[in-house]
Amino acid sequence: MADQIMWKWKLAALHVALDLSEHTPQVRSRLAGFVDGQEQTFWERTDHLTDFGLDVSADVQGRLRMPSALSRAVEDTMGAELRAESALWLRLEPPYGYLGAAPWEQLGERIRIPVIRVPDHLPVSVRLGRIHRIAVIVTQPPRARWGAAHARALLWALDERIPDVAIELFPDARTAVPLRRGLLPASVTLHDPAHAPAKAVRITRGPRSVPGLRSLESDDDPRLLWMEWITGELADRAVSAVHVAAVGIASAERSMLAVAGHPGAEVGDIRGSVDADDLWFMADMLGASTVSIAAPESRRVDVGARMVADRLGQLRPGPTVFSAIRQDPDATALADIHSFLASRQERQLPSDPSWFGYLQPEAIVDALDAPAAEPDEAGSEAPLLRAILLPGVPAASASRMPLPPTSLPEPAGSWSYEELVEVPRWAASASRFIETRQAEMISRASSEETPASQAHESATSQALADIQSLVQQHLGGV
């Protein structure tokens, strides 16, 4: 799907692949753009994996970095051949190992435009109500001191930039203590971690199955305790975005974020962990479209936290952002991208080497200098579009939408959620469920179609439309 997105939107992209066929692991890269509607490759090159400060394990060999020769090649070509581009898109071709943790965003300093990672899923997430509610979760190691400073800076930066923002702050006990002593914006609700339950009602997989979700071993599993606390405090309120600040854990099996074993534990805490699948599950349960992850990176690049963000961006359709706190101590760059994604009407795409993100080109089209993607020729919409089009969207209008040929249009009527003041959590979660199922249908489109598969897709499409119709009826017929 990523290749189709790049073709449809004519994106200038740096394609990166890990080659393990040689004795020494190699990184092969190719810079390509579109000239007169046709893709053109400007160069191809090979660098050693060690040039990035990596090896095939999770161990970082010194400081993670961009090879200087690669950086110069990108800078020269973007300045000479692709000066009109407003972003450089990064296409990491699986499997790419720990290259997802490399600081590709640093290329933006040299080319003066953001480096954005190409997502592998559609559609663009539905927007939910006029109130933009953000859940901010902060958990830090026992002897760390960065949590409260990061939270306070981010809260004020978000409050200044996003109209009608409501911020729900969920710190662990040690982070909460200094936050209670200082002034916080009126838009912030500070939730007391002492109210987190000691035991939780066991949830398994929620409204959808997440193939990679780890089993929940007991009713005091840290993931359950955090989730039960957050959902209990929010009640029926949904959030548009989730932000998690934590340190990462890199391992050969999977990368994770370290969390307090219990939100209210102050000393002697046994640590828990969450991975990308856990965060995906949580975001869908809360109804969140945007997810951001921040790590202090006080001494060196946090491979674990970056890989969690990278995998999450590959898994889900909504925007996923990683932020390095050390490079953005006042959280202004992180707040800028949150504000940009909240409005979707700002013309200036934020650029800062402190963050990277997976963003949908369609979601930021107003900020792209390049014209909108050309519609398909009359009558040439892909068979897939006709097969899985949600009922109520005419095929003629769908064929004019600036989407890849094998994609879905936005569900009919979903735009009207913006007319509501706020959307309840059950409705937001249902919308994320619909988006996830749409993404699965799109991903299956690359396989060979049969009459049986077409019938299945058509039935699934009708079922999703029925769910959406029920949601709209319960919201007052919007």
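Using modelled atom types, no side-chain atom of His195 and backbone atom of Gly264 make a donor-acceptor pair closer than 3.5 Å. Listed for the Arg237 side chain is a donor-acceptor partner under 3.5 Å among the backbone atoms of Glu233. A donor-acceptor pair under 3.5 Å links the side-chain atoms of Thr231 to the main chain of Met227, judged by distance alone. Side-chain atoms of Trp226 come within 3.5 Å of backbone N or O of Ala260 as a donor-acceptor pair. Thr50 places no side-chain N or O within 3.5 Å of a backbone atom of Gly53 that could act as its donor or acceptor partner. Arg174 places a side-chain N or O within donor-acceptor distance of the main-chain N or O of Ala144, the cut-off being under 3.5 Å.
In this structure, OG1 in Thr332 is found 16.0 Å from CH2 in Trp156, a value given to the nearest 0.5 Å. With rounding to the nearest 0.5 Å, the separation of CG in Leu88 from CD1 in Ile116 is 9.0 Å. Note that OG of Ser255 and CD1 of Ile249 are 9.5 Å apart. Values are rounded to the nearest 0.5 Å. Note that CD of Glu109 and CG of Asp352 are 8.0 Å apart. Values are rounded to the nearest 0.5 Å. The CZ atom of Arg133 lies 5.0 Å from the CD atom of Glu168; values are rounded to the nearest 0.5 Å. We find the CG-NE2 distance between Leu341 and His132 to be 8.0 Å, quoted to the nearest 0.5 Å.
Taking each heavy atom of Leu349 and Ala87 in turn, the nearest pair found is CD2-CB, 4.2 Å. What you find for Phe322 and Ala309 is that their closest heavy atoms are CB-CB, 3.7 Å. The shortest heavy-atom contact between Ser251 and Arg254 is OG-O, 2.6 Å. Closest approach of Val301 to Ala101, counting heavy atoms only: CG1-O, 3.9 Å. Summarising the geometry of Ala342 relative to Ile162, their closest heavy-atom pair is CB-CG2, 4.3 Å, with the distance given to 0.1 Å. Contact record, Ser354 with Ala333: OG-CB, 3.6 Å, taken as the closest heavy-atom pair.
Here the two rings, on Tyr358 and Trp89, have centers that are 6.0 Å apart or farther.
Between Leu99 and Val16 there is a side-chain heavy-atom pair separated by less than 4.5 Å. Contact annotation: the side chain of Trp146 approaches that of Pro141 to within less than 4.5 Å [non-hydrogen atoms, C-beta and beyond]. Contact annotation: the side chain of Val244 never approaches that of Ser292 to less than 4.5 Å [non-hydrogen atoms, C-beta and beyond]. Between Asp336 and Phe340 the shortest side-chain heavy-atom distance does not fall below 4.5 Å. Between Val118 and Met6 there is a side-chain heavy-atom pair separated by less than 4.5 Å. Looking at Pro319 and Ser289, their side chains come closer than 4.5 Å, going by heavy atoms from C-beta outward. The closest side-chain heavy-atom distance from Gln327 to Pro353 is below 4.5 Å. Two residues are said to be in side-chain contact when any heavy atoms from C-beta on lie closer than 4.5 Å; Leu334 and Leu158 fail this criterion.
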Residues Val138, Leu154; criterion side chain to side chain contact (heavy atoms under 4.5 Å, CB included); working and verdict: CA-CA 11 Å; Val138 185; Leu154 180 60; over 6 Å; no
Steps toward side chain to side chain contact (heavy atoms under 4.5 Å, CB included) verdict (Leu54, Val27): CA-CA 11 Å; Leu54 283 168; Val27 179; over 6 Å; no
Side chain to side chain contact (heavy atoms under 4.5 Å, CB included) between Val242 and Met282, worked out: CA-CA 9 Å; Val242 171; Met282 180 181 70; 3.7 Å; yes
Evaluation steps, side chain to side chain contact (heavy atoms under 4.5 Å, CB included), between Leu169 and Thr189: CA-CA 6 Å; Leu169 177 58; Thr189 300; over 6 Å; no
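Contacts of Arg152 classified as salt bridge (charged side-chain N to carboxylate O under 4.0 Å, His left out), with partners at least two apart in sequence or in another chain: none. For Arg145, the salt bridge (charged side-chain N to carboxylate O under 4.0 Å, His left out) test picks out no residue, with sequence neighbours left out. Checked against side chain to side chain donor-acceptor pair (under 3.5 Å), Ser187 has the following partners two or more places apart in sequence or in another chain: Asp159. Phe170 meets the ring pair (Phe, Tyr, Trp, His ring centres under 6.0 Å) test with His191, Trp229; sequence neighbours excluded. The ring pair (Phe, Tyr, Trp, His ring centres under 6.0 Å) search around His338 returns none, not counting sequence neighbours. For Glu297, the salt bridge (charged side-chain N to carboxylate O under 4.0 Å, His left out) criterion is met by Arg306, not counting sequence neighbours. Among residues two or more places apart in sequence or in another chain, the side chain to side chain donor-acceptor pair (under 3.5 Å) test is passed with Asp192 by Arg180. Evaluation of the salt bridge (charged side-chain N to carboxylate O under 4.0 Å, His left out) rule for Asp164 yields no partner, not counting sequence neighbours. Listed by chain and number, the residues in a side chain to side chain donor-acceptor pair (under 3.5 Å) with Arg117 are Asp310 (sequence neighbours excluded). Among residues two or more places apart in sequence or in another chain, the side-chain contact (heavy atoms from CB on, under 4.5 Å) test is passed with Val291 by Ala283, Leu312, Arg316. For Thr175, the side chain to side chain donor-acceptor pair (under 3.5 Å) partners are Gln140, Asp172, not counting sequence neighbours.
Each salt bridge (Lys or Arg N to Asp or Glu O under 4.0 Å) pair with one or both residues in residues 317-330, not counting sequence neighbours, would appear here, but there are none.
Using a cut-off of 4.0 Å between Lys/Arg side-chain N and Asp/Glu carboxylate O, Arg311 and Asp275 are scored as not salt-bridged.
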